[in-house]
Amino acid sequence: MFCYVLNVNKKGLAAFIFSGFMFTLAAIFIYNAYVERKKCDKQTVMAQELLESGNYNEAIEAYQKAMSMKYGDEELLSVGLAEAYAGIHEYDKALEVLRSLYEDKKTTLVKEKIEDITARKSDYNFNQLISYGDTYFSNKEYNKAIDEYEKAKLIKSREDISYVKIVESYIAMEKYDLAKEEIQEGLALTESEKLKEMLNQVDKHLKELKYEEIINKASEYIYQENYDEALKRLSEAKSLIPEKDTAYKQMAEIYITKKEYDKAKKLLDSYLAKYKSKEAKDILKKVNDLIALKLKKEKMLNELYDALNEVNVEAIIKILKDDFFINNIAKETPVYYSPSGSVNLSMGQCLLITDRYNVYVGGFKDKKKDGVGIRFELIENKNKSGWRYYQGEWNLDMPNGMGKTVEEITISDKRGNKKKLTTKSSGMFIYGTEGEEIKKSYYLDGVEWKREKYTSEEEITKSFEYEYSYQYGHD
């Protein structure tokens, strides 16, 4: 009897264990399904967010991953994937996804989406052909442009844009009869107001349209500062309609920008000799004023060039302190000038104005001071005034070789008397510093006060200003 009960208990225990095991498996299965569903939902949301933000390539990957998971909404994911493909203009792939789905689920949503994508594909292809045509048109390959517009016309024969662009292409090639035929063909299908307008104006306003087209293109080049191309376009417009002043005015403004004032004057004089234009007249007055200013600048620059070469200190200072020099020349620094009109900084000689206080005339090589030259500096501050210069050999923008320096400053002593201190040095200079034997002479109000000679190895003496101040004192 005891054995029987024990046997029954063992069977019950086994059944209980088995039931528990199955329950656990079921629980695990349900939990895993829940986790997989959550993952799928999360992946779907992420794919939708990528699609909405315009990250189409990433959206495609996300949708494909979501579709590989269980529990995904096949219709929703397929439509989303199709939209992502459409976002990168892969319309055939989008349609392939939708048509595959439609074989299993012939829902209204899928059908409408197929129609939508097909329409968008048509629009895209149409616009692409128009764009290809526009590219050829911009390159003046009008026949190729027409071929592309003709292809676009086959897709949407009742859209007037392809007819309009073909007409514009024929006009650009000056094939006016073909332009009229194209307008008439387009009007038979579209009744386009634009084509009607073009038909009425093609003969009357063709030149004006061509003129404006050229002017607009020139304006783009002007905006890009491509003045040579702009001048070519404006010259073409000027020849097309000589009586209109627009091309002349814009060409003159370009010449002003390039500081080619004589060309601007000649152009406007020739126009105003035949036609009237207040605006052209105003620009001519501006040009004449600029020519006068340029001549005055050149005169002063020539005088400064000569004064520096002659080391005419009085003339140099007079120019550097002149209001015209300060306001009209020195404000545009650095200024390079050569009396020949051609500045060659690779190998040549010219005037360089660094600022209103510093000027140089001499040789240049590779855009650096090189050879023989003179640099003059005007000294102006509240404590002292005067000038200094170095004249001699230069290399790599620095005094290097035989040369001399002269410095003259005016100071006031304690009694308020002004004294003129002059220091003259001569000898060898090594990249801006005194080298080897240097000879110095000191002058007080033009009278030699002291003379000395030393080498670069010896201690450099105090400045004349310091020594004079130490002995006599000054403010």
Side-chain angles (χ1 to χ4, degrees), residues 256-262 287-381 384-410 420-426 429 432 443 446:
I256 290 171
T257 301
K258 296 176 70 177
K259 298 184 178 181
E260 296 176 356
Y261 307 128
D262 292 335
V287 169
N288 287 330
D289 291 343
L290 288 168
I291 289 174
L293 181 64
K294 179 184 178 183
L295 291 173
K296 190 173 180 180
K297 284 182 180 179
E298 288 178 352
K299 181 175 182 296
M300 181 167 279
L301 289 169
N302 266 318
E303 291 173 353
L304 180 58
Y305 187 94
D306 292 340
L308 282 163
N309 274 318
E310 296 166 6
V311 198
N312 186 337
V313 173
E314 184 179 350
I316 295 169
I317 293 173
K318 182 180 179 182
I319 292 171
L320 296 186
K321 290 186 175 183
D322 190 284
D323 288 340
F324 182 82
F325 174 84
I326 294 170
N327 295 321
N328 295 281
I329 296 178
K331 281 188 175 180
E332 300 176 359
T333 53
V335 175
Y336 296 91
Y337 175 76
S338 172
S340 68
S342 176
V343 174
N344 183 359
L345 298 181
S346 298
M347 180 70 76
Q349 181 165 324
C350 75
L351 163 67
L352 165 62
I353 301 172
T354 308
D355 54 48
R356 58 165 293 199
Y357 301 103
N358 292 275
V359 293
Y360 167 85
V361 160
F364 279 87
K365 182 179 180 182
D366 298 329
K367 300 182 180 180
K368 297 183 183 296
K369 301 181 192 75
D370 193 276
V372 177
I374 176 171
R375 176 183 176 275
F376 187 95
E377 178 184 1
L378 189 64
I379 302 170
E380 284 188 354
N381 57 55
K384 62 183 179 181
S385 63
W387 50 268
R388 66 169 66 97
Y389 71 79
Y390 167 81
Q391 182 184 29
E393 295 178 289
W394 292 76
N395 183 246
L396 298 176
D397 262 346
M398 300 181 71
N400 190 53
M402 291 301 298
K404 68 176 183 178
T405 64
V406 180
E407 180 181 77
E408 183 174 287
I409 61 171
T410 299
K420 188 180 291 184
L421 309 180
T422 306
T423 305
K424 297 181 180 180
S425 305
S426 62
F429 292 81
Y443 299 83

Derivation and outcome, side-chain contact (heavy atoms from CB on, under 4.5 Å), residues Lys420 and Glu408
CA-CA 7 Å; Lys420 188 180 291 184; Glu408 183 174 287; 3.2 Å; yes

Residues Leu293, Asp289; criterion side-chain contact (heavy atoms from CB on, under 4.5 Å); working and verdict:
CA-CA 6 Å; Leu293 181 64; Asp289 291 343; over 6 Å; no

What verdict does the salt bridge (charged side-chain N to carboxylate O under 4.0 Å, His left out) test give for Glu314 and Lys318, after you've listed the backbone C-alpha separation in whole Å, the side-chain angles of each residue and the deciding distance to 0.1 Å?
CA-CA 6 Å; Glu314 184 179 350; Lys318 182 180 179 182; over 6 Å; no

Test side-chain contact (heavy atoms from CB on, under 4.5 Å) on Tyr337 and Leu304 and set out the steps.
CA-CA 10 Å; Tyr337 175 76; Leu304 180 58; over 6 Å; no

Walk me through it: do Glu380 and Leu320 pass the test side-chain contact (heavy atoms from CB on, under 4.5 Å)?
CA-CA 11 Å; Glu380 284 188 354; Leu320 296 186; over 6 Å; no

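In this structure, Lys259 places its NZ atom where only 12 or fewer heavy-atom neighbours from other residues, nucleotides or ligands lie under 6.0 Å away. More than 12 heavy atoms of other residues, nucleotides or ligands shown are found within 6.0 angstrom of NZ on Lys297.
A donor-acceptor contact closer than 3.5 angstrom is absent between the side chains of Asp306 and Asn309.
The aromatic rings of Tyr389 and Phe376 lie parallel to each other, with less than 30° between the two planes, well short of the 60° mark.
A heavy-atom distance below 4.5 Å is not found between the side chains of Val313 and Val406. Side-chain contact check for Gln349 versus Tyr305: some heavy-atom pair is nearer than 4.5 Å. Between Asn358 and Arg375, the closest side-chain pair of non-hydrogen atoms falls below 4.5 Å. With contacts defined as side-chain heavy-atom distances shorter than 4.5 Å, the pair Asn328/Met300 does not qualify. The closest side-chain heavy-atom distance from Phe325 to Ile353 is below 4.5 Å. Counting heavy atoms from C-beta outward, Leu396 and Asp370 have side chains that stay 4.5 Å or more apart.
Rounding to the nearest 0.5 Å places CG of Leu351 at 11.5 Å from CD1 of Ile374. Note that OH of Tyr390 and NZ of Lys404 are 11.5 Å apart. Values are rounded to the nearest 0.5 Å. Here the NZ atom belonging to Lys368 is positioned 11.5 Å from the CG atom belonging to Leu345, to the nearest 0.5 angstrom. Rounding to the nearest 0.5 angstrom, the gap separating the CG atom in Asn400 from the NZ atom in Lys369 is 13.5 Å.
Considering only residues two or more places apart in sequence or on other chains, Ser340 meets the side-chain contact (heavy atoms from CB on, under 4.5 Å) condition with Ser338, Ser342. Partners of Arg356 under the side chain to side chain donor-acceptor pair (under 3.5 Å) rule, at least two apart in sequence or in another chain, do not exist in this structure.
Using a distance-only test at 3.5 Å, with no hydrogens or angles considered, a donor-acceptor pair links the side chain of Asp322 to the main chain of Phe324. Judged by distance alone, with hydrogens and angles left aside, the side-chain atoms of Glu393 form a donor-acceptor pair with the main-chain N or O of Met402 at under 3.5 Å. Using modelled atom types, one side-chain atom of Trp394 and one backbone atom of Gly373 make a donor-acceptor pair closer than 3.5 Å.
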